[in-house]
Amino acid sequence: MKQIKTDLCVIGAGSGGLSVAAGAVQMGARVVLIEKGEMGGDCLNYGCVPSKALLHAASKGMRYSDALTHVHKTIDTIAPHDSQERFEGLGCTVIRAHARFVAPNAVEAGDYRIKARRFVIATGSRPMVPPIEGIEDVPYLTNETLWSQPALPEHLVILGGGPIGMEMALAHRRFGAKVTVLEAGRVLGRDDPEAAKLVKEALIAEGVQILEYSTVVKVAEETGGVALTLQKGAVCRGTHLLVATGRIANSESLSLEHADVDRNRGGIKVNDQLRTSNRRVYAIGDVVSGTAQFTHVAGYQAGVVIRSLLFGLPAKAATHHIPYATYTSPELAQIGLNEAAARKVHGEALEVLRADYAGNDRAIATERAGDGFIKLMVVKGRPVGVTIVGPDAGELITLWSLVISAKLKMSKIAGMVAPYPTLAELNKRAASAYFTPRLFDNAKVKTVVKLVQRLLP
């Protein structure tokens with residue numbers, strides 16, 4: 001085997017791994033980057049990029065065949081930024097092979113044995129297929145195979161009512177497919193129930209059939225499609241089945257036992273510095289047990305470990321300022337605690353503030369007001385969580401990531417000036433609602449104002 005000695009070995013060329021490799025090599029470290037699949041990982045090739053491109057095409061009324069062309073063109077346009085050629089140009093040694101540990105400080109990949117001072121595991125996750133009777137005997141789809149469908153499914157049955165399931169339900173329904181979503185609990189179950197209900201009702205209004213609290217106990221192939229038997233005895237039939245029931249970490253095939261790296265059913269175990277039980281080895285992104293499985297989380301964690309890897313500085317990963325969004329119509333975005341969680345943690349100290357899209361002039365002018373809203377959870381003058389449901393919720397939530405990360409008080413947001421008319425005014429209006437009772441319904445304030453008015457010349 002060819003021997004390589006390096007400062008840093010990154011396993012996985014998705015969002016997190018690429019960010020670490022690019023940052024480290026450009027700041028002077030010797031870097032080996034190993035990827036057994038497609039450069040860019042799940043997000044570029046099977047996840048965020050194609051799904052959002054498909055949603056955009058559906059909103060524009062494209063034909064399904066043209067939409068798939070748009071999806072692949074979008075991937076091809078972004079791919080050079082994540083390509084092997086670019087990273088080799090930056091100075092990385094890129095190896096396209098499966099990596100496995102053979103010692104606490106060494107991995108083998110293809111014809112190479114790489115010994116490194118530090119390792120970063122960023123191997124991501126893959127679709128989780130639930131252990132339902134018969135499911136392995138039917139030609140089900142996942143987000144990895146959905147994009148190779150040459151024709152629009154006549155009736156798409158989606159197993160799972162989380163963000164992926166709901167986004168794909170909306171897109172395929174808008175292309176003209178019949179769509180049924182089966183969810184064992186409540187759709188968008190981790191989200192604010194009021195916000196999730198708006199999204200659910202919007203999809204139903206577009207013709208999506210949503211069956212909540214419907215546990216599937218058996219799947220079978222039949223002529224022309226699949227049949228799913230529910231726990232209550234009913235049978236749901238469709239031409240195609242999309243499994244969207246969550247994801248599982250890609251950690252089993254790394255031979256972590258040779259690296260003294262601990263893992264559990266959720267993935268690789270790390271501390272708050274993203275370090276594993278082997279001090280030489282870090283893990284970031286979806287492969288980490290208990291982490292939020294989002295591309296932007298992997299990118300953020302990459303920045304955390306770079307501080308430690310390159311400069312030896314203490315750096316801890318936080319989660320309270322991490323937003324996420326579901327790109328349905330309306331969009332749903334969240335950061336920090338939702339209302340129920342905030343009440344459980346903070347009790348009577350919690351204040352809940354709200355501003356509705358119906359009161360926003362830009363939303364009215366563009367016929368996008370609907371029933372959307374922004375809800376702020378505030379404790380002692382600082383937000384601890386924000387829920388937004390409505391047009392561009394994913395864009396609007398970004399401000400609150402800054403606010404929560406910087407520990408800003410509501411007065412700072414209320415003092416912000418947003419251009420008129422914009423949806424961004426919703427953020428200011430919600431923040432201003434914090435001061436409304438304190439200023440306009442305050443007897444002391446009115447007394448002071450009257451006194452000042454008498455004294456002013």
Side-chain angles (χ1 to χ4, degrees), residues 42-78 127 139-183 187-188 191 195-212 225-226 236 238-247 293-295 324-333 368 370 372 389-395:
D42 183 83
C43 179
L44 172 62
N45 297 288
Y46 314 114
C48 317
V49 171
S51 64
K52 304 318 169 272
L54 191 73
L55 282 164
H56 171 75
S59 71
K60 295 298 182 182
M62 290 187 191
R63 293 182 303 176
Y64 184 71
S65 58
D66 293 334
L68 289 183
T69 299
H70 171 65
V71 166
H72 293 295
K73 182 180 178 181
T74 301
I75 294 172
D76 292 343
T77 300
I78 298 172
Y140 61 82
L141 300 167
T142 68
N143 74 297
E144 293 182 351
T145 57
L146 183 63
W147 318 110
S148 60
Q149 289 297 299
L152 178 69
E154 181 181 336
H155 182 181
L156 180 65
V157 178
I158 300 176
L159 191 57
I164 295 174
M166 296 294 272
E167 288 177 359
M168 291 302 94
L170 175 63
H172 284 79
R173 179 60 195 145
R174 285 184 168 178
F175 286 122
K178 185 177 180 181
V179 178
T180 301
V181 176
L182 300 176
E183 169 56 49
V187 294
L188 300 174
D191 288 296
K197 183 181 178 183
L198 279 185
V199 175
K200 171 188 168 183
E201 290 175 346
L203 264 66
I204 291 174
E206 295 214 25
V208 176
Q209 183 182 28
I210 297 177
L211 302 178
E212 296 178 297
V226 293
C236 176
T239 59
H240 294 75
L241 172 63
L242 171 63
V243 177
T245 51
R247 301 185 65 80
Q293 294 180 323
F294 301 114
T295 298
Y324 65 85
T326 301
Y327 299 92
T328 44
S329 181
E331 293 183 4
L332 195 165
R368 295 191 296 164
V389 59
D392 294 335
E395 303 291 337

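For the numbers below, each heavy atom of this structure counts, side chains included, while hydrogens, waters and symmetry mates do not.
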Out of curiosity, [X] [atom1] to [Y] [atom2], how far, rounded to the nearest 0.5 Å?
X	Y	atom1	atom2	value
L55	K60	CG	NZ	13.0 Å
I78	K73	CD1	NZ	12.5 Å
L44	D76	CG	CG	9.0 Å
R368	D392	CZ	CG	5.0 Å
I204	K197	CD1	NZ	10.0 Å
L170	T326	CG	OG1	11.5 Å

For a 4.5 angstrom cut-off between non-hydrogen side-chain atoms, does [X] reach [Y]?
X	Y	result
I75	P50	yes
E331	P391	no
F175	L54	yes
Q209	C236	no
K200	L188	no
N143	D42	yes

- Residues at least two apart in sequence or cross-chain that pass ring pair (Phe, Tyr, Trp, His ring centres under 6.0 Å) with F294, listed by chain then number, are H296, Y324
- Using the test ring pair (Phe, Tyr, Trp, His ring centres under 6.0 Å), find all partners of H240 that sit at least two apart in sequence or belong to another chain. none
Grab the two heavy atoms, one from [X] and one from [Y], that are nearest each other, plus how far apart they are.
X	Y	value
V208	A169	CG2-O, 3.9 Å
H70	A53	CD2-O, 3.3 Å
T145	S148	O-OG, 2.8 Å
E144	Y46	O-CD2, 3.6 Å
G176	L152	C-CD2, 4.1 Å
A202	P330	CB-CD, 3.5 Å

- Message: Using the rule given for side chain to side chain contact (heavy atoms under 4.5 Å, CB included), can you reason through V187 versus V199, listing the C-alpha separation, both sets of side-chain angles and the distance that settles it, and then say yes or no?
- Response: CA-CA 9 Å; V187 294; V199 175; over 6 Å; no
What side-chain donor-acceptor pairs closer than 3.5 Å can you find for residues 154-168, not counting sequence neighbours?
| from | atom 1 | to | atom 2 | distance (Å) |
| --- | --- | --- | --- | --- |
| H155 | ND1 | R237 | O | 3.1 |
| H155 | NE2 | T180 | OG1 | 2.9 |
| E167 | OE1 | K52 | NZ | 3.1 |
| E167 | OE2 | Y327 | N | 2.8 |

- Polar side-chain atom of R173 near backbone of E206 as donor-acceptor pair, under 3.5 Å: yes
